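Read the structure below first, then the notes.
This is a predicted model, so every value here is computed, not measured.
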Amino acid sequence: MDSDCFIPGYEFEIPATLIPSKDTYHIGDTISILSNFLNAVYDRQTEKTYTLEDFSFSPGLTVIELSGSEPDKSGVLNFQIINQDSANFQLSYFQSGSVLYHGEYNYIGSAYHLECHLIPKKSGLYYLSFGSSINAWGGNQSFEGKCQDVDIDAFVKLNDGASNNIALLKNSPDPHYNTWIVQKPEDRFHKFGGYCFYVVE
């Protein structure tokens, strides 16, 4: 048996860029998220690259407003969202109060493409997360070299591993954000493409 089959699971690294990268935006500004990469995708667990053809990465975007005493998990509704392929994306509402904007990459040739833009409509402190739900909705996919019965997950590397204003979480009154997340930033913030910022008038 291949020794790689003893790994706890695959963790594919997905690159993404948020521009312009800054800590404060104004109402009406445009915040863009771009994620484009070839189908040769790096896995953090095996430190190998695998060819993933027409894979379902299940990308999703959440925005949480942290300004008040209680976090508003429907914060994405405070933004106008413009997607280059809006038919591929939709809003989903959950009983917890969370709102998720999710869809799929466009797979063209041998590359994955995603582009969306957010225009803030309301001021506040926000925690944006651009992540992948591949472990929940796409874990049974196969690819050449895959070990059987090994889970698939993804790590979104946003802005090439920059801090992405994680220090702003300290300004939230909620200990989940100002303490718990920052205790393990890689696992609880950066893995999910975390980014913090203010919106002002």
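For K22, the NZ atom is densely surrounded, since the number of other residues' heavy atoms within 6.0 Å is greater than 12. Environment of CD in Q183: crowded, with over 12 heavy atoms of neighbouring residues, nucleotides or ligands closer than 6.0 Å.
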message: side chain to side chain contact (heavy atoms under 4.5 Å, CB included) for F143 and T51? Distances and angles first, verdict last.
response: CA-CA 7 Å; F143 52 90; T51 300; over 6 Å; no
field: Step-by-step side chain to side chain contact (heavy atoms under 4.5 Å, CB included) determination, I119 to I82
entry: CA-CA 8 Å; I119 301 175; I82 302 172; 3.8 Å; yes
- prompt: Given L128 and I33, is the side chain to side chain contact (heavy atoms under 4.5 Å, CB included) satisfied, shown in steps?
  reply: CA-CA 11 Å; L128 177 151; I33 298 176; 4.2 Å; yes
message: Could you walk me through whether K157 and H190 satisfy the side chain to side chain contact (heavy atoms under 4.5 Å, CB included) test, starting with their C-alpha distance in whole Å, then the side-chain angles of each, then the deciding distance to 0.1 Å, before giving a yes or no?
response: CA-CA 7 Å; K157 190 174 183 181; H190 294 297; over 6 Å; no
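Each side-chain hydrogen bond (donor to acceptor under 3.5 Å, both in side chains) pair with one or both residues in residues 30-43, not counting sequence neighbours, appears once here: S32-H117, S35-Y105, N36-H113, N39-Y107, D43-T46.
Here CG of L77 is found 6.5 Å from CG of L91. Values are rounded to the nearest 0.5 Å. Note: Q141 CD to I134 CD1 = 5.0 Å, rounded to the nearest 0.5 Å. Note that CG of D151 is 11.0 Å distant from CD of Q45, once rounded to the nearest 0.5 Å. Here CG of N178 is found 9.5 Å from CG of L66. Values are rounded to the nearest 0.5 Å. Here C116 contributes atom SG and I81 contributes atom CD1; the two are 7.0 Å apart, rounded to the nearest 0.5 Å.
Ring centroids of F37 and F57 are separated by less than 6.0 Å, placing the two rings close together.
Cation-pi contact between R44 and F155: present, with separation from the ring centre below 6.0 Å and deviation from the ring axis of at most 45°.
In this structure, I27 and E201 approach most closely via the heavy-atom pair CD1-CG, 3.8 Å. Nearest approach of Q80 to K121, heavy atoms of both residues: N-CE, 4.0 Å. Between E104 and S58, the closest heavy-atom pair is OE1-N, 3.2 Å. Between P59 and L114, the shortest heavy-atom contact is CG-CD1, 3.6 Å. Pairing each heavy atom of G193 with each of L158, the nearest pair is O-CD2, 3.5 Å. The two residues G124 and S67 have their closest heavy-atom pair at CA-OG, 3.2 Å.
At least one donor-acceptor pair closer than 3.5 Å links the side chain of N159 to the backbone N or O of L18. With hydrogens and angles disregarded, no donor-acceptor distance shorter than 3.5 Å links the side chain of D187 to the backbone of K184. Side-chain atoms of S74 never come within 3.5 Å of backbone atoms of S98 as a donor-acceptor pair (strictly under, hydrogens ignored). Distance alone, capped at 3.5 Å, is enough to place a donor-acceptor pair between the N165 side chain and the C196 backbone. The backbone N or O of A162 sits less than 3.5 Å from a side-chain atom of N164, completing a donor-acceptor pair. Of the possible donor and acceptor atoms, none in the side chain of D23 sits under 3.5 Å from a partner among the backbone N and O of Y198.
Among the candidates F79, Y177, Y195, the single residue satisfying the ring pair (Phe, Tyr, Trp, His ring centres under 6.0 Å) test with Y126 is F79. Residue H102 forms a side chain to side chain donor-acceptor pair (under 3.5 Å) with just one option from S92, S132, S133, and that option is S92. Between Y127 and the choices L168, I166, I181, T62, the side chain to side chain contact (heavy atoms under 4.5 Å, CB included) rule is met once, by I181.
Using a 4.5 Å cut-off between side-chain heavy atoms of Ile, Leu, Val, Met, Phe, Trp and Tyr, with links allowed through other members, F55 and I14 fall into the same hydrophobic cluster. Cluster membership check: V76 shares its hydrophobic cluster with V199, using side-chain heavy-atom separations under 4.5 Å among Ile, Leu, Val, Met, Phe, Trp and Tyr. Taken together through direct or relayed side-chain contacts under 4.5 Å among Ile, Leu, Val, Met, Phe, Trp and Tyr, Y25 and L169 form parts of separate hydrophobic clusters. Tracing side-chain contacts under 4.5 Å through hydrophobic residues (I, L, V, M, F, W, Y), one reaches L118 starting from V99; they form part of the same cluster. At a threshold of 4.5 Å between side-chain heavy atoms, the hydrophobic network of Ile, Leu, Val, Met, Phe, Trp and Tyr places L100 and F192 in two separate groups.
Put simply, the side chain of K170 does not reach to within 4.5 Å of the side chain of T179, judged on heavy atoms. For the pair F189 and V182, the minimum side-chain heavy-atom distance is 4.5 Å or more. Between L125 and F197, the closest side-chain pair of non-hydrogen atoms is not below 4.5 Å. Contact annotation: the side chain of K146 approaches that of Y10 to within less than 4.5 Å [non-hydrogen atoms, C-beta and beyond].
A salt bridge is defined here as a Lys NZ or Arg NE, NH1 or NH2 lying under 4.0 Å from an Asp or Glu carboxylate O, and K73 with E65 fails to meet this definition.
Using cut-offs of 30° and 60° for the angle between ring planes, the H176 and W180 rings count as parallel.
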